[in-house]
Every structure is written in structure tokens, then in C-alpha cells.
**Q** 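Okay, handing you the structure first.
Atom set for the values below is all heavy atoms of this structure, side chains included, hydrogens, waters and symmetry mates excluded. From a predicted model like this one, the values you see are computed outputs, not experimental measurements. We're numbering straight along the sequence, starting at 1.
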Amino acid sequence: MNSLFVRALLIGALLSSTVYAGQLPVEAFASAPAIDMLKLSPDGNKLSMIQRLETDKEQLVLLKLVDLESGEQKFLMKADTRELNIFSVVWANNRQLLVKAAYASHRYGTPVTETRLVVVDVNTGKNYNAVRGQLQRKLVRTPQFQSEIVALMPEDEEHFLLALDGLSYGMGTSVVKINLAGEIAEVIAHSRENLIDWVADRSHTPRIAVFREDKQFQIKQRLAESNEFRLLWQFEAFSEQAIWPIGFDADPNILYVSAYHDGRKAIFTVDLSSTDLALQLVKADANYDVPADISYSWQDNKIIAIADEYIDDKYRTFQRALDKALPDAENSIISMSHDQNRYIVLSSSQTNAGIYLLGDRKAKSLEYLTAKFAQLPPEQMVAKQTISYQARDGLTIEGFLTTPLGYTQGALPTIIFPHGGPISFDDDGFDYWTQFFANRGYAVLQMNFRGSYGYGFDFMQMGLQGWGAQMQDDVEDGTRWLISKGIADAKRICIVGASYGGYAALMGAVKTPDLYRCAVSFAGVSDLKALVKAQRGFTNYEIVKKQIGDDFDVLEQRSPLTFARQFNLPVLLIHGTDDRSVRVNQSRDLYKALRRYDKDVQYIELEDGDHYLSTNSHRLQTFQAMDSFLQQHLTAPVQQAAIQ
């Protein structure tokens, strides 16, 4: 394969970024990507993207279209980010886009998130809900989620498959074949009670159904030419016996699944035509879980990548050429034309939030399009250092340390920054929160405490019902380790977190008040009992109880709200009123309790704000508040010898 040629435009665009000396403006970190979600049309002639535009009166998310042949640009759709969040855009064909959007709502008095799928005509700009006409009239209730695409059909661009409940009085999800050319829809796989998800094979036939009742799961095969099912596997949530379907090979009998191998998640295949359903190992890692991800090329009619690594020689060669053209970066092809000539690359690194480039294989060119965070010059960002330490019980905890640009040695004011989830993880990729803190002169420690995702079954099990216990000890042990290394100034440490991380920050203030100078909680949990009870109206209630706990006496003793009288640290609370993951009362109630005891607390409520700081003004308000709060409490000057 010919080597790629990077146009001078790329170099010029990178050098044209505004460069600031020292601290960057808060806005540089607190602005969502101005341009994001770039996607090529199937013929490669058009480019869709999401653009954010904010004025004093409006906070808009815009669906933009660029004609790559004529250069013409136009806007197809706009929405206020405080009301609607566009989270995915897919080309159905050369004329129509499928736009996935979410918004805050209520069902029977319960705050929920609803999703919709909007069809947009790129020629006329007209748009409509994918669930309409004949299909809408068939509904016996309005589905909460209407955006789950089961399959696109490149060979039949006038149709796609959508998973949808609400077509029968019993709970269950059907698969509907929707005609994009009209208001015609056909149910091709009927729902069953407790059926929550479907997997189609490569001929776009729904073959695998996922059932859930309370915390029990069943994976079933839909038999050919029948509405009957064959039970493949059954297991309980968080079980080591879990076997999750990923997707099919070209052979309709070969299914890829994720299951445990020697205590770590691995990828297997299983032949559905066999009676014993023996799992054949495809990819495993002795130390970490393998991501449950495969990529299928309908043009080549085969699986080309497993766990983000190409297994096909043609694609591996292409990736090597791309990495040679863009060295010292992680280069991901995020969109490609159907003839595989034009493609979009997202190139990023630990110090580069990412740039989008347009590639053309025939022209042997790679052209810069835009940066995700244009105000964050890579030369002023810092790479994370991978670290590890021993918890008090001997368990090895991995983490990441970020220090200010130019730091060599000496004790620094420090941010302890546990992640959310908690079944999530931090990695060494670009993180605008940690870059913001480091740019302000703070060391930042992130740790993958027990219960974090990616470290195998035993490690995950240690986090179940472990809120405020050993999970919290892991955070404390990391803090003390950083002090022992002479990096953290023991008198200038603040614990900061969002969601579960916000809970961990508040529990740090409760359990080890002498260790921290202050605590910041964005969308954090303060009342575990209320968190669990809030799920009573949802189908995942039993799973939530297994993850967090159902002994309300224990949960009360692990809740920061219970210990409001004992807080003696300055606390900053920030929460969005439309947060559907952690309800705003979690911060409101703690604020009232802390005020009742005359504690040092600040509370900022983001009107119409969600759990993810989707609106730029909310990001800016949050980062400005944190900046001021941290300066107030970690203001002692850094030793000049520490920064060279």
C-alpha cells in the first residue's frame, strides 16, 4: 500500500492555535468540542457533524452538513442543549441521517431520560420521528426508548431495524423493520415478557434475544422460521458465569461472545449449530479484561477487528501506514465511505485532545479538518504517568498521576480525583478535567480502586456493596502513598469527584477529615438509602440492590448525609436540576443539613443541567466555581524549586 501524504494544511492548522503563557483561560477547558461526531455519507461526498453555538440567549446544538465536492455548508437541525442532547448521528443512506437524541422527562411522577430517533433529509432539511404513522398507531403505550438501532442494511438502504417496546401490553421488546421511503413498518421479531434486547445476524435477521427478570438474565436463540426460542445460557447479574453476545460472523451459526477466562473477560466464538455450545477462545489477556468489541466489514463479508485491533491483513497494513503518517498518536478510523476510499480519522494522544482529518486513499492525502479542543495547545498539556501502590490489605491498585508542566520534584498542592461509576475506570488518555487541574499548578491522582472495570471478576466483586468501605480505603491509601512519595503537600490536598467520585469526595471528608483541606462534589451521592429507593420504579431495582446494597441500616452509616454534623472541611456542591442519574435532592439535602449545622458549604444548582455537563454554560459555571474554590483553599505558593 502506498504511504500516506499529510498536507501542509495539517501543520499550519496545528501551529495556528492560540498559545497562552502559564495558565490557560477557564473557558479553554470548560467548552465542549465546538465540532464533533463527524461522519461521512456512504458515497463519501458529504460530511455531517455536530456543532455547538452559544450566545447570551441560546445554547444550541446544530446538525451541520458539508458538501465535500462543492464546499457548500448548511444547517439541518438545531436544538437547545438545555432541552435536548444529540448523542449520535448515523447515515442511513446518501439522503437521510438518523439522529439519536435524549431529553429529561417524567413518567408517573418519576424523573426519567427519554430517547428518540429522528430521520433528517439532507436535501430538504425536513425531519420526523422514525416511530410514526402506521407504527405509531400500533403502539399500546409510548416507549421510553426509541433510538436503539438493531441493524442498518447497507445492501438495502431504504430500511433499518429498530428495537421497540410498547407494541404489546406485556413488557417486552420487538424488532421493527422501518421503511425510510414511507410510513411503512413491519414487526419482524415479536416481543416476549422480560425480553430487553436483540442481536441480529449479518443477514439482518434477529437471532439472539436477551431476557431479564429482576437480576436474572437469559440468553436465547430465536429459531429459524419460528417464534420459538432455545435457551443458550442463564446467569445472575455480576456472575462469573455470565456470557454476553457481541455479534455474528458471516456464518450465521458463529456467534462472538464475552465471557470469563481465568478470571478475566475474554472473547470467544460459539457454534450455535452444536449441541454442547462449546466456547472457543479468540482473544484473552492475562492481566486485564478484553473489551467486548468486534468490527465487521460488510464489503469484505468478515470480521476485521477484535477488541479494537485489526485481525485482517489489509486493514492492519492500512493502520500501519496511518500510524506512520501520524506518529506518536492513537489514530482511529471513525467513519468510511462505502467504497472505502474516503475516511475520517480521529488522532489523539495524552497531550492532544484529538484532531479530525479527512483521508483520501486515491489522492493519497490526509487533510486536517478541525480540533476537538482548539483552545488546548498540546505543547501546554501534560502526559499522565502510570503508577501503582499497595492498598492496606496488599491489593495492588493502579492509577495515574498528572503533574504541572515542567514539574521535577517537591511537594505540590494536590487534587485526589476518584472516578465515577463506580464500575468504570480511568486510563492514560486525554482528560480535560485533569489537564485543567494540572494547568492550575496541582498534582492530580486518579486511581482504579477495587470495583473498577477492566481488572477481572475478583476485582469487580470486591466493589459490590463496597461503597464507603474498602473502595474508600483505596482512595485514602492512594492519598497517603502520594504524600509518602513527596509529591503531595500533606497540608494542601483537596478531594474532588463527580457522580460516584463526588460520593467518594464527601466520604473522604467524613472518614478522613484530617487528610484533606476541602472537598468538591459534582452530581455526587450523599444518601445511599435514597439512591437505592429511587430505583424502586425501575426494572433494574434488584440489580441496583445487588450492586449497592439493600440493608438500609448499613447504607445509612455509609452515607455522607448521616454525618453532616461531623463535617469540618469546606465543601463545594454542584448539581444539575435535570440530572436523571443522581437526582438533585442528593445535593440539596446535604446542603440543607450542612447549613443547619453552620458548616462551610457552597452550593451551585445548574438550572436544567444534566449529569454530564452537556451545556457549555454549565461547564463554565462548574469550572469557574472549582477554580475559585480550589484557589481559596490551596493557595499557599508552590516551592519555586519544584517548577523549573
**Q** Looking at Asn127 and Val120, would you say the former's side chain and the latter's main chain have a donor-acceptor pair under 3.5 Å?
**A** no
**Q** Is the closest side-chain heavy-atom distance between Phe437 and Val496 below 4.5 Å?
**A** yes
**Q** Taking the side chain as everything from C-beta on, heavy atoms only, tell me whether Arg619 gets closer than 4.5 Å to Tyr432.
**A** yes
**Q** Are the side chains of Phe430 and Lys384 in touch, meaning some heavy atoms are under 4.5 Å apart?
**A** no
**Q** Is any side-chain heavy atom of Leu164 closer than 4.5 Å to a side-chain heavy atom of Leu135?
**A** yes
**Q** Just to verify, what does Ala383 make a side-chain contact (heavy atoms from CB on, under 4.5 Å) with, not counting sequence neighbours?
**A**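 Result, side-chain contact (heavy atoms from CB on, under 4.5 Å) vs Ala383: Gln350, Thr351.
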**Q** Quick check: closest heavy atoms across Leu569 and Tyr516, and the distance to 0.1 Å?
**A**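 Result for this residue pair: CD2-O, 2.9 Å.
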**Q** May I ask you to check whether His575 and Tyr603 place their ring centres under 6.0 Å from each other?
**A** no
**Q** Rounded to the nearest 0.5 Å, how far apart are CG of Asp36 and OG1 of Thr370?
**A**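 It is 9.5 Å, given to the nearest 0.5 Å.
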**Q** What do the steps show when you test Gln535 against Lys545 for side chain to side chain contact (heavy atoms under 4.5 Å, CB included), and what is the final call?
**A** CA-CA 9 Å; Gln535 299 300 311; Lys545 288 196 295 183; over 6 Å; no
**Q** Could you verify whether a donor N or O on one side chain and an acceptor N or O on the other, from Asp578 and Tyr103, lie under 3.5 Å apart?
**A** no
**Q** I'd like to check Asp527 versus Gln586 (side-chain heavy atoms, cut-off strictly below 4.5 Å). Are they in contact?
**A** yes
**Q** Is a side-chain donor-acceptor pair under 3.5 Å present for Gln136 with Asn129?
**A**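 The answer is no; no qualifying pair exists.
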**Q** Quick test of your reading of the model: are Arg82 and Glu607 salt-bridged, counting only N-O distances below 4.0 Å?
**A** no
**Q** Kindly give the heavy-atom pair with the smallest separation between Arg558 and Met507, and that separation in Å.
**A**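 In this case the closest contact between Arg558 and Met507 is O-SD, 3.5 Å.
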**Q** Report the residue from Asp458, Asp393, Asp477 that forms a salt bridge (charged side-chain N to carboxylate O under 4.0 Å, His left out) with Arg450.
**A** Asp393
**Q** Working note: Cys494 + Val520, criterion side chain to side chain contact (heavy atoms under 4.5 Å, CB included); need CA distance, chi angles, decisive distance, verdict.
**A** CA-CA 8 Å; Cys494 188; Val520 178; 4.2 Å; yes
**Q** Among Thr402, Thr434, Asp431, which one satisfies side-chain hydrogen bond (donor to acceptor under 3.5 Å, both in side chains) with Gln446?
**A**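 Checked Thr402, Thr434, Asp431 against Gln446; only one passes side-chain hydrogen bond (donor to acceptor under 3.5 Å, both in side chains): Asp431.
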**Q** Verify the neighbour count for atom CZ of Arg132: are there more than 12 heavy atoms of other residues, nucleotides or ligands below 6.0 Å?
**A** yes
**Q** Roughly how far apart are His618 NE2 and Leu606 CG, rounded to 0.5 Å?
**A**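 So the NE2 of His618 and the CG of Leu606 are separated by 5.0 Å.
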**Q** Just one of Val90, Val118, Val119, Leu76 clears the side-chain contact (heavy atoms from CB on, under 4.5 Å) bar with Leu97, so which one?
**A**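 Only one option passes, and that is Leu76.
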**Q** Assess the side chains of Arg52 and Thr81: does a donor N or O sit below 3.5 Å from an acceptor N or O?
**A**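 Checked: Arg52/Thr81 side chains show no N/O donor-acceptor pair below 3.5 Å.
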**Q** Assert yes or no for the condition that the ring centre distance of Phe425 to Tyr288 is strictly below 6.0 Å.
**A**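 So the answer is no for these two rings.
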**Q** Is the number of heavy atoms from other residues, nucleotides or ligands under 6.0 Å of Lys78 NZ greater than 12?
**A**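 Check fails, neighbour count at 12 or below.
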**Q** My understanding is that only one of Thr622, Ile574, Leu573 makes a side-chain contact (heavy atoms from CB on, under 4.5 Å) with Ile604; could you say which?
**A**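 So, applying the side-chain contact (heavy atoms from CB on, under 4.5 Å) to Ile604 and each of Thr622, Ile574, Leu573, only Ile574 qualifies.
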**Q** Shortest non-hydrogen contact from Val525 to Leu506?
**A**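 Residues Val525 and Leu506, closest heavy atoms: O-CD1, 3.8 Å.
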**Q** Can you give me the closest heavy-atom contact between Ala242 and Trp244, atom names plus distance?
**A**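 Between these two residues, the closest heavy atoms are CB-NE1, 3.7 Å.
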**Q** I'd like to know whether the aromatic ring centres of Tyr612 and Phe87 sit less than 6.0 Å apart in this structure.
**A**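 Tyr612 vs Phe87: aromatic centres not under 6.0 Å.
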**Q** Say you draw a straight line from CG of Asp589 to OG of Ser559; how long is it, rounded to the nearest 0.5 Å?
**A**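 Interatomic distance, Asp589 CG to Ser559 OG, rounded to 0.5 Å: 11.5 Å.
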**Q** Tell me, please, which residues at least two apart from Glu148 pass side-chain contact (heavy atoms from CB on, under 4.5 Å).
**A**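 Checked Glu148 against side-chain contact (heavy atoms from CB on, under 4.5 Å); matches are Ala163.
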**Q** Could you check Tyr455 against Glu398 for side-chain hydrogen bond (donor to acceptor under 3.5 Å, both in side chains), going step by step and ending with a plain yes or no?
**A** CA-CA 10 Å; Tyr455 293 87; Glu398 291 189 348; 3.1 Å; yes
**Q** Could you tell me if the side chain of Asp610 sits less than 4.5 Å from the side chain of Ser581, heavy atoms only?
**A** no
**Q** Among Tyr453, Tyr500, Phe449, which residue meets the ring pair (Phe, Tyr, Trp, His ring centres under 6.0 Å) test with His419?
**A** Phe449
**Q** Describe, in one word, how the ring planes of Trp467 and Tyr503 are oriented to each other, choosing from parallel (under 30°), tilted (30 to 60°) and perpendicular (over 60°).
**A** tilted
**Q** Under a 4.0 Å N-O cut-off, is there an ion pair linking Arg480 with Glu476?
**A**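 Counted as a salt bridge, because a side-chain N and a carboxylate O are separated by less than 4.0 Å.
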**Q** Hey, what's the ring geometry for Phe417 with Trp433, parallel, tilted or perpendicular (30° and 60° as the breaks)?
**A**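 Answer is parallel, since the angle falls under 30°.
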**Q** Between Val99 and Leu117, is the side chain to side chain contact (heavy atoms under 4.5 Å, CB included) condition met? List the steps.
**A** CA-CA 6 Å; Val99 178; Leu117 186 65; 6.0 Å; no
**Q** Starting at NE2 of His611, measure out to CG of Asn85 and round the result to the nearest 0.5 Å.
**A** 13.5 Å
**Q** Does the separation of the ring centres of Phe623 and Phe436 fall below 6.0 angstrom?
**A**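 Here the rings of Phe436 and Phe623 have centres that are less than 6.0 Å from each other.
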**Q** To the nearest 0.5 Å, how far apart are CE in Met49 and CG in Leu62?
**A** 11.5 Å
**Q** Would you kindly check if the NZ (Lys) or CZ (Arg) of Lys533 is within the cone defined by 45 degrees around the ring axis of Phe552 and under 6.0 Å from the six-membered ring centre?
**A**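 Geometry flag: set, cation within 6.0 Å and 45°.
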**Q** Measure the spacing between CG of Asp600 and CG of Leu572 and express it to the nearest 0.5 Å.
**A**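 CG of Leu572 is found 10.5 Å from CG of Asp600.
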**Q** With a 4.5 Å cut-off on side-chain heavy atoms, are Leu167 and Val176 touching?
**A**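 Touching, per the 4.5 Å side-chain cut-off.
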**Q** Is the closest side-chain heavy-atom distance between Gln624 and Glu27 below 4.5 Å?
**A** yes
**Q** Not counting sequence neighbours, which residues clear side-chain contact (heavy atoms from CB on, under 4.5 Å) with Val112? List them please.
**A**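 For Val112 the side-chain contact (heavy atoms from CB on, under 4.5 Å) partners, ignoring immediate neighbours, are Ser105, Arg107, Thr110, Glu114, Gln144, Phe538.
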**Q** Just wondering, more than 12 heavy atoms not from Arg392 lying within 6.0 Å of its CZ?
**A** yes
**Q** Step by step, work out the side chain to side chain contact (heavy atoms under 4.5 Å, CB included) result for Phe373 and Met381.
**A** CA-CA 12 Å; Phe373 292 91; Met381 301 296 103; over 6 Å; no
